[in-house]
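Presented below is the structure to which this report refers.
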Amino acid sequence: MFKTLLKTRLAAFGAYYSGAGRRRGGKKQAGAGRKVLYALLFLYCFAAFGGMFFGLFSVLAEAFAGTAYAWLYFVMYAIVSFALMFIGSVFTAKTQLFEARDNELLLAMPVPPRNILGSRMAALVIFNAVFQLTVAIPALAAWILAGHADAFGICAFVVLLPALNLFTMAVTCLFAWLLSLLTSRMRGKNIMTLILSVVFLAAYFVVISRMNRYVTALAAHGAQLAQTLGGVSPLVWLGRAMTGESAAALAASLVLLLVPFVLSYALLSRSFIGIVTTKRGAAKIRYREKEMKTATPRAALLRREFARLGSSAGYMLNAGLGVVFCVAGAGLLLFGRGKVLALTGILHITPDVLTALVTGCICYLLCTMVFAASSVSLEGSKLWIVRTAPVATSEILLAKRRMHLLIVLPAALLPAAASASVLGGRALFAALCTAAFALVSADVGLAENLRHPNLTWLNEMQAVKQGSAVLLTMLILMGLILVPALLYVLVLPDADTRVFLTALAAVFFALDRLLLRWIKTRGAARFECLD
């Protein structure tokens, strides 16, 4: 039974990360081309992150290899590996272990709870192994190339790989359970999940942006850091085991890494039924009699779209992460004005070029906001509900477009307005062009989603992150930025940016009118034929 459950869980992971859906007959809907595309994308990401970690660990290996504190190198590897696995899986563990929709269904079957929990934890361990290997392979390769690796150290490194993974899983399960307990008592559960996700992402980007500084500091102050961490015996044992100094350190490290996992699995398996079936209290709402308010069909449809958005933290995060970057960019332009001006002075960037750069950056961020590009697909199997509403089909589609614009337009205009601190009056032309591009982004996204809908997804994130409409929308929008950029750089390098942006905005406004007309006519006809 455990093997069957694990196979099912791994198949679900595979379907999720390959964009596979299901037809009504139950057959998988994933072509060979799509699988190859996702495999190539996965290999690219693995190689990109692996190359980054190899460069970082090469610096550390050169500084620590052959010294008395060589063990510190592997302590740094373990910390980085633990952090990447923890951040990459804590929210997945929260969903898969404690909030899975089929928990009660499986518990109603003659399946021991320990097998349900064990299969899900095993799937997460395999999932974590991908993150771990992204760090482990470059770290080991850098150490071997430094010329101080021995056979025992390499064997110890390999033996401790699954042990470190299991220890991370134990800590992840604890935090996932606490997060589930915390968010279950909140009215704004999805908002809280979104905030926590953004905080984790912000911490990740801050660390990545300062990684070279951290590595340089570690290489320069390794002796002081080794002296500080030397009092933490488990870290010293772990490091010395991987350097091949001591078999006793390897045995002690294995015990310290495996015992927490065994204890967490034992405790969770004994209380699994109570954890997943307990109806935790939520914030109490006192009923107050109020007059019922009515709304126009247009307002009701718009409210429905925002309700759908607010019901999914994953939808908000993946479709609207660019909004966060727009806010961050506005803050940089306002509070980092001096640094921006100093940098433009060093690079001899003219006001015309700076205006074009700011406009291009904002438009690029708009390409990542794909609310409209996934709004039709998210209707899924419940598409018939909205289609039976007594409203025109075009109004249903326009509600999705309005929802997109009510989020994206302010996100575009905020950094454009903030750019006045460095651009002056030229910021008006940046705002005009980005506003026109925001309109086009809504039209292109909605049109592509009508042309390439995915209504048979197994998980809604497949529609948001992996749908063909989302990918095509981003590529088309980037193309609409790239073509004018090449025209400006190669053909019109001496053109007045204000005139160029005004003309470009006019083109975008005209394109918006054409696409909007298509959505109201042919797009509406396509929507009526979807099933």
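Under the 4.5 Å side-chain criterion, counting only non-hydrogen atoms from C-beta, I116 is in contact with R120. Using a 4.5 Å heavy-atom threshold, the side chains of V59 and E62 count as separate.
For the pair S421 (side chain) and L333 (backbone), a donor-acceptor distance under 3.5 Å is present. Counting only distance, with no hydrogens or angles, the side chain of H404 and the backbone of A372 share a donor-acceptor pair below 3.5 Å. Remark: side-chain polar atoms of S441 are paired, donor with acceptor, to backbone N or O of A438 under 3.5 angstrom.
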Compile the donor-acceptor pairs under 3.5 Å between side chains in residues 157-176 and protein atoms, sequence neighbours left out, one pair per line.
| from | atom 1 | to | atom 2 | distance (Å) |
| --- | --- | --- | --- | --- |
| N165 | ND2 | V125 | O | 3.0 |
| T168 | OG1 | L164 | O | 2.8 |
| T172 | OG1 | T168 | O | 2.7 |

Could you tabulate the donor-acceptor pairs under 3.5 Å formed by side-chain atoms of residues 357-370, not counting sequence neighbours?
| from | atom 1 | to | atom 2 | distance (Å) |
| --- | --- | --- | --- | --- |
| T359 | OG1 | T355 | O | 2.8 |
| T368 | OG1 | L365 | O | 2.6 |

Return a table of donor-acceptor pairs under 3.5 angstrom between the side chains of residues 254-263 and protein atoms on other chains or two or more places apart.
none

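Side chains of N128 and S89: a donor on one and an acceptor on the other come within 3.5 Å.
The side chain to side chain donor-acceptor pair (under 3.5 Å) contacts involving residues 239-258 comprise T243-E245, where partners must be two or more places apart or lie in separate chains. For residues 331-345, there are no side chain to side chain donor-acceptor pair (under 3.5 Å) pairs, not counting sequence neighbours.
Taking the six-membered ring where tryptophan is involved, the planes of Y77 and F74 are perpendicular, since the angle between them exceeds 60° and thus also 30°.
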* Stepwise side-chain contact (heavy atoms from CB on, under 4.5 Å) check, V135 with F49 -> CA-CA 8 Å; V135 183; F49 280 94; over 6 Å; no
* To do: Carefully, step by step, assess F152 and L250 under the rule side-chain contact (heavy atoms from CB on, under 4.5 Å).
  => CA-CA 10 Å; F152 179 76; L250 174 60; 4.1 Å; yes
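Scored by the side-chain contact (heavy atoms from CB on, under 4.5 Å) test, A328 finds no partners at all (sequence neighbours excluded).
Here CG of N454 is found 4.5 Å from OG1 of T456. Values are rounded to the nearest 0.5 Å. Going from atom OG of S374 over to atom CZ of R308 covers 9.0 Å, rounded to the nearest 0.5 Å.
Annotation for F46: atom CZ counts as buried by contact number, over 12 foreign heavy atoms lying within 6.0 Å. No more than 12 heavy atoms of other residues, nucleotides or ligands lie within 6.0 Å of CZ in R114, so this atom counts as exposed by the packing criterion.
Side-chain rings of W143 and F57 stay apart, their centers remaining 6.0 Å or farther from each other.
Residue F371 is tested with I407, V464, L378 for a side-chain contact (heavy atoms from CB on, under 4.5 Å); the sole match is I407.
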